[in-house]
Amino acid sequence: MVAGLLVATLRMTTPILFAAVGETITERSGVLNLGMEGIMLMGAIAGFIATFTTGNPWMGVLAAMLVGGLIGLIHAILSISLGVNQVVSGVSLTIFGMGMSTYIYRAYFGALPVPPSIEPFKVLTVPVLSGIPFIGPFLFQAYLLTYISLFLVVFFQFFLFKTRWGLRIRAVGENPEASDTAGIKVLLLRYVCVILGSMLAGIGGAFLPLAIVKFFMPMMTAGRGWIAVAVVIFGRWIPVRVLGGALLYGFVDALQLRLQAVGIGIPYQFFLMAPYLVVVLALTVVGRKMKPPKGLAIPYKRGE
Amino acid sequence: MVHLLKIEIKKRETPSKVAEFITVIIAAVVALLIGAVLIYLEGADPILGYKALLIGSLGNRAVFLETLVKMAPLLLAGLGMVVAYQCKFWNIGGEGQIFAGALVTTWVGITFTKENPGILPLVILLSFLGGMAWALIPAVLKVKLQINEIITTLLMNFIIIYYIDYLVLGPWMDPISVMPQSVRINPSARLMEIVPGSRLHAGFLIAMVCAPLVYILLQKTVLGYRIMAVGNNPEAARAGGIDIAKTILIAAAISGGLAGLAGMGEVSGLHYRLRTDISPGYGYTAILVALLARLHPFLVVVTSFFFAVLFKGGDALKRVTGVPTALIPVIQSIVFISILASEVITRYEIRIKRR
């Protein structure tokens, strides 16, 4: 029971984690991307259709990255080059993704009596090690993508705080004017971060149909893109702390699924609500301690 | 080649009105062309599709009235978003606030079983308060703990929709129905129809009255001045002695209240019962409605009508060409995004010079 819960926690954490790591890099460079929910949905449908047609879920991941990156590019053009309000741009891209993913699904598959399904990713089980009680299944029985998401946390923790390029990204997010003076290509770096972040969010979205369930449902992300943005704030823009937030969400989500299955007399809708309530509560705990990058959500124009 | 051309981008002092108008038209055309491509890819004739869309929403009296039925919630919720956004309170929880209003309306409508003319005013008042309460939670979290309202208003949507799902499948479920829906509300809680034989109800009139009211609120009252001052420049507003927290709370409350009225109209005027599908995303579309109107209450009347035409026409589009109605929110958002981009472009002069 406990081991199963821990395994499920990691599984539910993965989509959030991809998107949250992506949003962390994006926001560190000074751009707010509220299109995450829409990007995840588009990643989910792109990943699902690519897997459905090729039979290879890795093609799905590739498609999700491409589509995610494409929407990221639109957000980058709007918010970085055109200086559109980033809240407005992001929210409208989310609304676009919500509609577009549903439309593509309905247009591509029509009305089928049974929802089409795909052969999903297989769980990797490391022999011997996964037999260790409790910790074994938690660490050594998961999807490759889950390991990749955990690796990304470690990688970007190191990258952001220990490398020159990481320093540059943070500098661009904190003080674009000074960075520009120092010869850093502010706009280019922001473009790269937004697109990379969106590609990761695309993978996060695709993880839902490719691993957690094996079909696509309209609006299947159910707010996970927003939760990823919340988790970044909770994690104070530090990848390892962001992991903490994502794990908290993953745990509550896994727990509520378990409790629903057990059925303890409480209507299931209250369990479904739990993750959203916990995220709101978690934000209230962090509260005033937040310190976002100083240049966040402010378009940069040279000489203005 | 690249080195021979020099592209100069200069900011205009004042955006040219003519250029602005032309680019908005071009943006809308581009968006409709993208829609046409999507219709074409679905194996249907785009011209036939758009014709069906227009005839199906404006072609005769009956469909036109149905378009107005869809316009009512968009107008009310859109006005609500205008009030919040003028204050830079980024309320994107209109959907949840619509459902909060609908929930309260249904609660009154099934709690009081005797007919009484006093029930309708009570319903209207309480639905406003319901939407208000749902918007105030994130607003309090923002002013007290500085928690980003964009995320909390959005997450609140999920909480209330799951709660309503519980109600319409549980304690409020209509026992003689297999659908997840509540029992019918008391006839005294209903809004009357304003055009006999149609579904157009008094909620539309309420919405049309709210547009000038919101205009007066924002432009002619001290409160409106404060709301816009906080939105434009919070530091200056604070220096000017405006209580920022209080102003944000009031703006959020009015915003949620107007969305609550939209939910009331859907229950009291249209369905006479609560369901989880009373809104096909009106709360999200209302965001675009408000922003496209540049937060001007009277322009919200225009943009909500335009989006209602698309919503209503979407049914005919599907019927005639088989294109899924999910295309409509896609076209709506593409129209919005292209106009968003074009508006910025009009603020710049682009000159291409030969070196």
Side-chain angles (χ1 to χ4, degrees), chain A residues 32 34 37-38 74 77-78 81-85 87-108 110-111 218-219 222-223 225-227 229-230 233 267-277 279-280 283-290 292 301 304, chain B residues 11 38-39 41-43 85 88 90 92 137-138 141 144-148 150-167 169-171 281 284-285 287-288 291-292 318 322-334 336-337 340-345 347-348:
Chain A
L32 179 68
L34 295 180
E37 177 80 0
I74 299 173
I77 293 171
L78 287 170
S81 296
L82 297 179
V84 166
N85 181 316
V87 174
V88 172
S89 165
V91 170
S92 57
L93 283 172
T94 282
I95 295 174
F96 167 76
M98 286 161 68
M100 194 66 183
S101 56
T102 306
Y103 174 72
I104 293 173
Y105 179 69
R106 299 239 191 275
Y108 194 87
M219 310 291 168
W226 297 101
I227 287 169
V229 178
I233 297 171
Y268 69 90
Q269 292 93 344
F270 290 92
F271 293 117
L272 287 169
M273 265 179 226
Y276 305 99
L277 282 169
V279 170
V280 173
L283 286 176
T284 61
V285 174
V286 185
R288 289 179 190 276
K289 279 176 268 174
M290 293 180 298
K301 284 268 154 58
E304 272 184 31
Chain B
K11 195 160 189 171
L38 290 171
I39 296 172
L41 288 176
E42 190 44 15
Y85 301 167
K88 292 259 161 60
W90 292 108
I92 56 169
I137 299 170
L141 291 176
K144 292 285 174 207
L145 297 165
Q146 283 146 30
I147 294 169
N148 187 318
I150 306 173
I151 295 159
T152 46
T153 49
L154 187 281
L155 294 180
M156 299 286 286
N157 290 349
F158 290 93
I159 295 171
I160 195 153
I161 290 169
Y162 283 127
Y163 186 61
I164 289 181
D165 192 48
Y166 156 71
L167 290 174
L169 279 165
Y284 296 105
T285 307
I287 301 169
L288 304 183
L291 292 170
L292 198 57
K318 184 187 164 85
V323 174
T325 45
L327 181 65
I328 300 307
V330 177
I331 294 181
Q332 287 173 342
S333 51
I334 295 176
F336 178 76
I337 292 168
L340 191 65
S342 72
E343 273 182 357
V344 178
I345 292 166
R347 277 193 254 129
Y348 293 91

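Within every chain, numbering begins at 1; the chains are lettered A, B, ... in the order of the sequence lines, protein sequences first and strands thereafter.
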Which answer fits [X], side chain, backbone, both or neither, if we ask what part of it has an atom under 4.5 Å from a heavy atom of chain A?
| X | value |
| --- | --- |
| B/Ile287 | side chain |
| B/Leu169 | side chain |
| B/Leu141 | side chain |
| B/Tyr284 | both |
| B/Leu327 | both |
| B/Ile92 | side chain |

Atom of [X], atom of [Y] and distance for their closest heavy-atom approach:
| X | Y | result |
| --- | --- | --- |
| B/Ile334 | A/Phe96 | CG1-CE1, 3.8 Å |
| B/Pro324 | A/Ala107 | CG-N, 3.8 Å |
| B/Ala341 | A/Leu82 | CB-CD1, 3.8 Å |
| B/Ile147 | A/Thr284 | CD1-CA, 3.2 Å |
| B/Leu340 | A/Ser89 | CD2-CA, 4.3 Å |
| B/Ser333 | A/Ser92 | CB-O, 4.2 Å |

Please rank A/Val88, A/Thr102, A/Leu78 by heavy-atom pairs under 4.5 Å with chain B and give me the top one.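 Ranked by heavy-atom pairs under 4.5 Å with chain B, first place is A/Val88.
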So which of A/Gly99, A/Pro275, A/Gly97 has the largest heavy-atom pair count under 4.5 angstrom toward chain B?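 With the most close heavy-atom pairs to chain B, the winner is A/Gly99.
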With a 4.5 Å heavy-atom cut-off, do [X] and [Y] have their side chains touching?
| X | Y | answer |
| --- | --- | --- |
| B/Trp90 | A/Asn85 | yes |
| A/Tyr276 | B/Asn157 | no |
| B/Asp165 | A/Met273 | no |

Would you mind checking which part of [X] comes under 4.5 Å of any heavy atom in chain B, side chain (CB onward), backbone (N, CA, C, O), both or neither?
| X | answer |
| --- | --- |
| A/Tyr105 | neither |
| A/Ile233 | side chain |
| A/Val87 | side chain |
| A/Ala274 | neither |
| A/Leu34 | side chain |

B/Ile137, B/Leu41, B/Leu155: which one forms the most heavy-atom pairs within less than 4.5 Å of chain A?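 Result: the option with the highest number of such pairs is B/Leu155.
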Distance in Å, [X] [atom1] paired with [Y] [atom2], rounded so as to fall on 0.5 Å steps:
| X | Y | atom1 | atom2 | answer |
| --- | --- | --- | --- | --- |
| A/Gln269 | B/Ile159 | CD | CD1 | 14.0 Å |
| A/Phe271 | B/Tyr162 | CZ | OH | 14.0 Å |
| B/Phe158 | A/Leu277 | CZ | CG | 13.0 Å |
| B/Ile337 | A/Ile77 | CD1 | CD1 | 11.5 Å |

Taking the inter-plane angle between the rings of A/Phe270 and B/Tyr163 on a 0 to 90° scale, is it parallel (under 30°), tilted (30 to 60°) or perpendicular (over 60°)?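 If you compare the ring of A/Phe270 with that of B/Tyr163, the planes turn out perpendicular.
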